[in-house]
2 protein chains.
Amino acid sequence: MRGQTLVWEGDDAIIVANIISGILKVSMSISDGREQIVGVIFPADFIGRPFGQKSPYSVTALSDAELCIFSRSSFDAFARNHPALEHKLLQRTLEELDRAREWMLLLGKKTATERIATLLLEMSIRLSETGCSVEQNELNEFALPLDRQQMGDVLGLTIETVSRQLSRLKADGVIGLPDRRMVSIQDRRRLQDLSAAA
Amino acid sequence: MRGQTLVWEGDDAIIVANIISGILKVSMSISDGREQIVGVIFPADFIGRPFGQKSPYSVTALSDAELCIFSRSSFDAFARNHPALEHKLLQRTLEELDRAREWMLLLGKKTATERIATLLLEMSIRLSETGCSVEQNELNEFALPLDRQQMGDVLGLTIETVSRQLSRLKADGVIGLPDRRMVSIQDRRRLQDLSAAA
DNA sequence: TCTTCTGTTTGATCTGAATCAAGGAAGATC
DNA sequence: GATCTTCCTTGATTCAGATCAAACAGAAGA
């Protein structure tokens, strides 16, 4: 259910799950309330912390979602006896690590405009991978799974800066904003230039 | 050899290696030269990108180092036939992902002072884990494996900000700086408070 | 010893994004 | 249809850290 938190930062990591549908966020926070979203999970992705005692982060649904949940202990045992599953899990974890590091570059070095451009492109790609029926690799209009506050928490920016940057991209004709959740990419090339890709 | 780059960002990922001794950095950069250090690798850690075509990041020695190198293709094949190795690799990758996410919180939300305090504590812990002969978990004086520029590149700060923050911690009696590489932690409790841990 | 070079510190100023502060729009609820 | 309520936008101001600009320290040569 949207808004529901499945795992709390610091709690015992008792579950592991596979996402069937829906989108979730993985977040970490500081005691004074500052929060950073450290991952966005799409269908077919994995959540949980196998082989660990505590979960270092929270997992919360951003939309209604269907999951396939396992208890961690039984999952751990099962995985150890099924190398193919562990192999798949290793691959996904390596991909997730690559994405986390890509995001460290964004958080450490990119400007606000570059961050927003990068996020919009990333969302368009990951959402198109999700809607897997059609092989559409250039999703140019989509509903953001994040509100402005959450975009700020992913990008290390405030809600006001996110809003201002989006307004500017719209004014420049790079994107359209039909409503608060929808984005249309009108000039993908320009957005790529603005994203300061490697 | 110190300063030597073993893997270039974007190159074919042809090697995989286990670190015997020494310290290395993993970094990503933007075409205009901005660089973010996305990982620091200690002895017993792993480098390389198994099961991938391109390495998304560079790996460079920060000190002289000894590695145990495998060609990626033979390693991949070997790993697939040795579940225990894959299991170990999965565990290490999960740990590295946790560290990367912890750092995303730092890069996205922490102040300069908090970043420096966090780095000093992290270094004291990881260096003490490395010098594994003695079970010393509170390493209070150590040589930084990073120079000021590199500290800035890990923390998403400039060299001047790093220097100023260190000077202030020294002036406040929290740390000592016997020479440009050495740090002594004089008030660990205070450093922990300043680090804004979860 | 003097010089050079590299890395570091410190100071002055600037600036991008944060913070503070209203408004506005679009659903919900009554 | 009016009134909340929630989320978003826009404007004014501030501030932490970046940038610009010198000096300084210590190691390595000459």
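What you see below is based on every heavy atom in this structure, not just the backbone, and it leaves out hydrogens, waters and symmetry mates. Naming convention: chains lettered A, B, ... in sequence-line order (proteins, then strands); numbering from 1 in each chain.
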(request) State whether a side-chain donor-acceptor pair under 3.5 Å links A:Ser29 with A:Glu9. (result) yes

(message) For B:Leu85, is the CG atom crowded, meaning more than 12 foreign heavy atoms sit under 6.0 Å from it?
(response) yes

(request) Rounded to the nearest angstrom, tell me the gap between atom NZ in B:Lys170 and atom P in C:dT10. (result) 8 Å

(request) Mark yes or no for a side-chain to base donor-acceptor pair under 3.5 Å between A:Arg164 and D:dG11, with no hydrogen or angle criteria applied. (result) yes

(message) Please confirm whether the shortest side-chain N or O distance from B:Thr161 to OP1 or OP2 of D:dA18 is below 4.0 Å.
(response) yes

(request) Find the distance B:Lys109:NZ to D:dA16:P and express it as a whole number of Å. (result) 18 Å

(request) Say whether, by atom type as modelled, one donor and one acceptor occur between the side chain of A:Ser128 and the main chain of A:Leu139 under 3.5 angstrom. (result) no

(request) Report the nucleotide, chosen from D:dC20, D:dT10, D:dA18, that has the shortest atom-to-atom distance to any side-chain atom of B:Glu160. (result) D:dC20

(message) Defining pairs by Watson-Crick or G-U wobble geometry with both distances under 3.5 Å, how would you list the stems of DNA chain D with at least three pairs each?
(response) C:1-30 with D:1-30

(message) Quick check on C:dT19: is either OP1 or OP2 less than 4.0 Å from any side-chain nitrogen or oxygen of A:Thr158?
(response) no

(request) Name the closest nucleotide to the A:Arg180 side chain, picking from D:dT6, C:dT19, C:dA17. (result) D:dT6

(request) Choose from C:dT9, D:dT9, C:dA17 the nucleotide whose nearest atom is closest to any side-chain atom of A:Ala112. (result) C:dA17

(request) Could you state the atom-to-atom distance from CD of B:Gln149 to C1' of D:dT19 in whole Å? (result) 13 Å

(message) With nearest nucleotide decided by heavy atoms, which residue, A:Val162 or B:Arg148, maps closer to the 5′ end of DNA chain C?
(response) B:Arg148

(request) Might you confirm whether atom CZ of A:Arg99 has over 12 heavy atoms from other residues, nucleotides or ligands at distances under 6.0 Å? (result) yes

(request) Mind calculating the distance between CG (B:Leu166) and C1' (C:dT9) to the nearest angstrom? (result) 11 Å

(message) Can you see if the side chain of B:Thr111 gets near the phosphate of D:dA16 - specifically, an N or O under 4.0 Å from OP1 or OP2?
(response) no

(request) May I ask you to check whether over 12 heavy atoms, not counting those of B:Arg34, lie within 6.0 Å of atom CZ? (result) yes

(request) Starting from C1' on C:dT6, measure out to CG on B:Asp179 and report it in whole angstrom. (result) 15 Å

(message) Nearest to the side chain of A:Leu157, heavy atoms from C-beta on, is which of D:dT10, C:dT8, C:dA18?
(response) C:dA18

(request) Step through the shown structure and confirm whether more than 12 heavy atoms of other residues, nucleotides or ligands are within 6.0 Å of CZ on B:Arg181. (result) yes

(message) Students often get this wrong, so: under 4.0 angstrom with heavy atoms, is A:Ser167 touching a base, only sugar-phosphate, or nothing?
(response) sugar-phosphate

(message) Need one value for A:Gly152: base, sugar-phosphate or nothing, where a base atom within 4.0 Å counts as base even if backbone is also close, heavy atoms only.
(response) nothing

(request) Rounded off to whole Å, could you give me the CZ-to-C1' distance for the B:Arg34 and D:dA18 pair? (result) 13 Å

(message) For A:Phe75 and A:Phe46, I'd like to know if the aromatic rings sit close, meaning centre-to-centre distance below 6.0 Å.
(response) yes

